[in-house]
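In what follows, chains are A, B, ... by sequence order, proteins preceding strands, each numbered from 1. These numbers come from the heavy atoms of this one structure, side chains and all, not from hydrogens, waters or symmetry mates.
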Protein chains: 2
Amino acid sequence: MVENGRTYEQSIMNSLRRIMRAVDIYSRKLNTEFGLTTPQLLCLDIMAKSKNMILKDLAKAVNLSESTVNGIADRLEAKLYVERRRSSLDRRKVFLVVTPAGHAILQRTPAFFQDRLSASLSLMSEAEQQAMTESLEHIAALMETEKWMQPQALT
Amino acid sequence: MVENGRTYEQSIMNSLRRIMRAVDIYSRKLNTEFGLTTPQLLCLDIMAKSKNMILKDLAKAVNLSESTVNGIADRLEAKLYVERRRSSLDRRKVFLVVTPAGHAILQRTPAFFQDRLSASLSLMSEAEQQAMTESLEHIAALMETEKWMQPQALT
DNA sequence: CACGAATGATTCGTGTTGTAATTATTTGAA
DNA sequence: TTCAAATAATTACAACACGAATCATTCGTG
C-alpha cells in the first residue's frame with residue numbers, strides 16, 4: 001500500500017498510462033505541426049538507417065505487429081517519404097526505401113519525445129537512472145512472457 | 001549510454017512500449033475470452049463504485065479523453081452492462097449506471113493485468129518497489145507538463 | 001427577462017494497434 | 001517434378017485514443 005491507498009502495482013500502472021498518454025498527445029501535436037507522428041518518425045528513422053529493410057524486420061525492430069507497421073508504411077508512402085520496391089531476387093519481399101524527402105523531413109523534425117525524458121531523468125543520479133532502466137526492462141521481459149498471457153478467472 | 005548502445009531514455013521508452021504492448025495484447029485476449037477489454041473493465045469498475053457517475057468525471061478518473069470514454073461507454077451499453085440515464089435535475093448530465101449483468105461480470109472477470117505485475121515486483125525489495133513507483137510518478141508528472149508539449153525544431 | 005458563456009454529451013475524422021484471413025511466392029521433401 | 005509447408009505482405013475488422021466541432025441545456029450578468 002502506498003500513501004494514497006493504492007498498491008505499488010496500481011500506482012505503477014497508472015503512471016505508465018499517464019506517460020504513454022503524454023507520449024500520444026505529444027505525437028498528435030507533432031503530427032499537426034510537422035505531419036509525422038511518433039510511430040511514423042520511429043519507423044522512418046529505422047528505415048533510414050538500414051538499406052533494404054523489409055516490413056517483417058521493421059516490425060521486429062520497433063516491437064509492433066506487421067499489420068500495424070504496414071499501415072504506418074502506407075501513410076509514409078502516401079506522404080512520399082518512403083517507397084516500396086519489390087525485390088527481384090525474392091518477389092515476396094518488399095524493400096522499404098526512404099526517399100530524399102523522407103531523409104529531409106527526418107532532419108527537420110524535432111527530437112523524439114524520449115529526449116524530453118532526459119530532463120526528468122537528469123534529476124536522478126546515474127545509479128538511479130540505471131536502476132530504473134533495469135527495473136523497467138525486467139518488468140517488460142516478465143510481462144511479455146507467454147504464461148502471463150492466459151487469463152485465469154478469480155478463484 | 002547503456003551496454004547495448006542505447007541511452008537510458010531510449011531503453012526506458014522501449015521498455016514502456018513493450019509493457020504497454022503486453023497490456024494491450026492481454027486486453028485483447030481478455031476480450032475474446034470474457035467479452036471485456038481492460039479499458040472497459042477499468043471503466044466499469046469505477047462506475048460500479050460510484051453512484052450517479054457522469055461521463056466527464058469518469059474520463060477524469062481513468063485519465064482518458066471524454067470522447068474515448070464515450071466510445072467505451074457505448075460498447076458497455078451495447079453489451080447491456082451499463083445504462084445511460086439522463087438526469088432530470090440537469091438534463092445535460094447523463095448518469096452511467098451499471099446493470100445487474102454488469103456487476104455480475106465484474107465478479108467473474110479475471111483480475112486486472114497489473115495484478116500480474118505483482119509477480120515481477122515481488123522480486124524487488126520493498127525499497128526498490130517504492131523507488132520505482134516514485135520515479136515513475138515523477139516522470140509522469142513531468143511529462144504531462146504543458147511546456148514539454150510545444151515541439152521545437154532541432155537547432 | 002434575455003442572451004452570451006459555460007457545461008456536458010455526442011459525433012466526426014484520423015491514426016494506432018492487434019488478430020485472423022488471404023494472396024503471392026519460395027522452399028523443400030516425396 | 002510436384003505439391004504441401006513456410007514465408008512475406010497485405011487486407012478486413014474491431015477497439016482505442018485524441019482533438020475539434022456540434023447540440024442541448026443551464027448559468028450568470030446586464
Check: Between B:Ser65 and D:dC18, is there a side-chain N or O to OP1/OP2 distance below 4.0 Å?
Finding: yes

Next item on the list: May I ask you to verify if any side-chain N or O of B:Thr37 is less than 4.0 angstrom from the OP1 or OP2 atom of D:dA15?
Entry: no

Item checked: Spacing between B:Asp24 atom CG and D:dA14 atom P, to the nearest angstrom -> 17 Å

Check: When you check every protein heavy atom under 4.0 Å of nucleotides 20-26 of chain D, what one-letter string (B, S, -) results, 5' to 3'?
Finding: -----BS

Checklist line | Euclidean distance, atom NZ of residue A:Lys56 to atom P of D:dA8 [Å, nearest integer] | finding: 5 Å

Next item on the list: Could you walk me through whether B:Arg17 and B:Asp24 pass the salt bridge (charged side-chain N to carboxylate O under 4.0 Å, His left out) test, one step at a time?
Entry: CA-CA 10 Å; B:Arg17 259 194 289 275; B:Asp24 183 49; over 6 Å; no

Return the polar atom pairs (N/O with N/O) between nucleotides 1-3 of chain D and the protein under 3.5 Å, or none.
none

Item checked: Value in whole Å for how far the C1' atom of D:dT10 lies from CD1 of A:Ile54 -> 14 Å

Check: the helix from C:dC1-D:dG30 to C:dA30-D:dT1: angle between its terminal axes, five pairs each, to 10°?
Finding: 0°

Margin query: With the threshold set at under 4.0 Å for non-hydrogen atoms, list the residues of residues 69-84 of chain B touching DNA chain C in residue-number order.
Written below: B:Asn70, B:Arg84

Next item on the list: Just jot down the salt bridge (Lys or Arg N to Asp or Glu O under 4.0 Å) partners of B:Lys49, sequence neighbours excluded, or say none.
Entry: B:Asp45

Checklist line | Nucleotide range of DNA chain C lying under 4.0 Å from chain A heavy atoms | finding: C:dG15 to C:dT26

Margin query: Set out, in order, the CA-CA distance, both residues' side-chain angles and the distance that settles side chain to side chain donor-acceptor pair (under 3.5 Å) for A:Glu134 and A:Gln130, then state yes or no.
Written below: CA-CA 6 Å; A:Glu134 283 167 7; A:Gln130 190 179 345; 3.1 Å; yes

Check: Relative to the 5' end of DNA chain D, which residue comes earlier, A:Met53 or B:Gln40, by the nucleotide with the nearest heavy atom?
Finding: A:Met53

